[in-house]
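So the structure is just underneath, and the comments pick up after that.
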Number of protein chains: 2
Amino acid sequence: MTVAGIDCVAFCRALGDATRQDILQMLQKKGELRVNDIVAAFERSSQPTISHHLKILKHEGLVNSRREGKEILYSLNAENVDECCGMLWAKFAPGKLLSIRLPKSARKARA
Amino acid sequence: MTVAGIDCVAFCRALGDATRQDILQMLQKKGELRVNDIVAAFERSSQPTISHHLKILKHEGLVNSRREGKEILYSLNAENVDECCGMLWAKFAPGKLLSIRLPKSARKARA
DNA sequence: TGAACATATTGACGAATTTCAATATGTCTA
DNA sequence: TAGACATATTGAAATTCGTCAATATGTTCA
């Protein structure tokens with residue numbers, strides 16, 4: 001099922017892993033990062049593992065990436081993350097003063 | 001990792017299944033339901049499967065249950081769901097006019 | 001008490017997920 | 001162009017997850 005064109009289940013699955021949540025939060029806090037920066041921050045995970053998680057996050061539209069020379073820079077796709085969180089809230093916890101702040105698309109989805 | 005005493009990853013894992021999202025939304029829309037009502041609504045799933053999903057949702061505090069005679073009634077734990085969604089938003093998409101509406105605990109967690 | 005009903009638990013199976021070593025791809029620079 | 005570097009992909013092993021048939025538990029009523 002999708003709300004406002006976003007797949008709620010896929011979004012939650014993408015967030016349903018500790019490493020991926022840590023990556024996202026790192027990007028949220030620090031902005032754009034090279035893959036190597038992320039790998040270095042995770043003693044517990046190998047480079048291929050991080051690469052795999054980044055691929056999943058990218059596929060769900062939660063991060064952006066761009067190449068810069070040899071390196072690839074990842075950043076949080078803040079708009080999408082925001083939209084997905086709003087959609088989740090609208091789907092499961094409407095009527096909680098939410099109308100104050102809903103993004104347009106989620107507001108429409110509730111109607 | 002936990003924010004405001006809630007395990008973000010476990011919450012997302014619980015929501016990372018289509019059947020569980022459907023159950024939650026059903027409870028959100030219709031209020032308290034007997035297990036049989038839920039089972040009846042899902043041609044695709046058996047009674048043990050629904051029971052299993054309800055157990056997971058209960059374990060994460062997303063639903064409440066009470067016995068009434070032979071039957072057991074499930075309902076959405078709206079406060080917790082709301083709090084979890086807010087926590088998610090606070091963790092990954094702060095700075096989006098969110099301060100307007102954050103629950104107390106999530107607001108504290110951002111500080 | 002025993003039969004009927006509602007729900008939970010167990011056990012097993014296939015599918016999906018996470019992980020890493022090995023390797024491939026793409027980019028820069030000497 | 002060759003070598004070094006950064007990241008992605010592949011393939012395989014271990015684990016987790018979703019599912020259901022069978023069965024257990026708990027409740028009501030005759």
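Chain letters run A, B, ... following the sequence lines, proteins first, then strands; residues in each count from 1. In what follows, every heavy atom counts, from backbone to side chain, and hydrogens, waters and symmetry copies are set aside. This is a predicted model, so every value here is computed, not measured.
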Quick check: on DNA chain D, is the nucleotide nearest B:Arg13 upstream (toward 5') of the one nearest A:Arg34, or the reverse? Name the residue that is more 5'.
A:Arg34
If you pin A:Asp17 and A:Glu68 to their nearest nucleotides in DNA chain C, which one's is more 5'?
A:Asp17
Whole-Å distance separating the CZ atom of A:Arg44 from the P atom of C:dT19
8 Å
Hey, mind stepping through A:Arg66 and A:Glu68 against salt bridge (charged side-chain N to carboxylate O under 4.0 Å, His left out) and telling me if it holds?
CA-CA 7 Å; A:Arg66 65 186 181 91; A:Glu68 192 176 276; 3.1 Å; yes
Gap between atom OG of A:Ser46 and atom CD1 of A:Ile50 - 0.5 Å precision
7.5 Å
Quick check: any donor-acceptor pair below 3.5 Å linking the side-chain of A:Gln47 to the base of D:dA6?
no
Using the side-chain heavy atoms of B:Thr19, tell me which of these nucleotides is nearest: C:dG26, D:dT19, D:dA6.
D:dT19
If the cut-off is 4.0 Å, is A:Thr49 near the phosphate of C:dC20, judged by side-chain N/O to OP1 or OP2?
yes
Separation of B:Arg66 atom CZ from C:dA6 atom C1', in whole Å?
15 Å
Separation of atom CD1 in A:Ile56 from atom C1' in C:dT18, rounded to whole Å:
9 Å
Nearest whole angstrom, please: distance from the C1' of D:dC17 to the CG of B:Leu57.
14 Å
Can you tell me the distance, in whole Å, between the CG atom of B:Leu33 and the C1' atom of C:dA6?
15 Å
Side chain of A:Lys70 - closest among D:dC5, D:dG18, D:dA8:
D:dC5
Without decimals, in angstroms, what is the distance between B:Glu32 CD and C:dA6 C1'?
16 Å
Of the candidate nucleotides D:dC20, D:dA6, C:dT18, which contains the atom at the shortest distance from the side chain of B:Pro48?
D:dC20
A:His53 side chain near C:dT19 phosphate (N/O to OP1/OP2, under 4.0 Å):
yes
When the distance from CD1 of A:Ile50 to P of D:dT9 is rounded to whole Å, what number comes out?
15 Å
Selected nucleotide, minimal atom distance to B:Arg67 side chain, candidates D:dG26, C:dT18, C:dT27:
D:dG26
Measure across A:Val81 and B:Ala93 and return the closest heavy-atom pair with its distance rounded to 0.1 Å.
CG1-CB, 4.2 Å
How long is the line joining CD1 of B:Ile72 and P of D:dT27, in whole Å?
9 Å
Check: A:Arg44/A:Thr49 side-chain N/O donor and acceptor closer than 3.5 Å:
no
Checking C:dT9, C:dA8, D:dG18 against the side chain of B:Lys55 (C-beta onward), the nearest is C:dT9
Using a distance-only test with no angle check, is there a side-chain donor-acceptor pair under 3.5 angstrom linking A:Gln21 and B:Lys91?
yes
Does D:dA6 have its OP1 or OP2 closer than 4.0 Å to a side-chain nitrogen or oxygen of A:Tyr74?
no
B:Asn80 side chain vs B:Asn77 backbone, donor-acceptor pair below 3.5 Å
no
For the side chain of B:His52, starting at C-beta, report the closest nucleotide among D:dT19, D:dA6, C:dT9.
D:dT19
Taking C:dA8, D:dA6, C:dC20 as options, the one with an atom nearest any side-chain atom of A:Asn36 is D:dA6
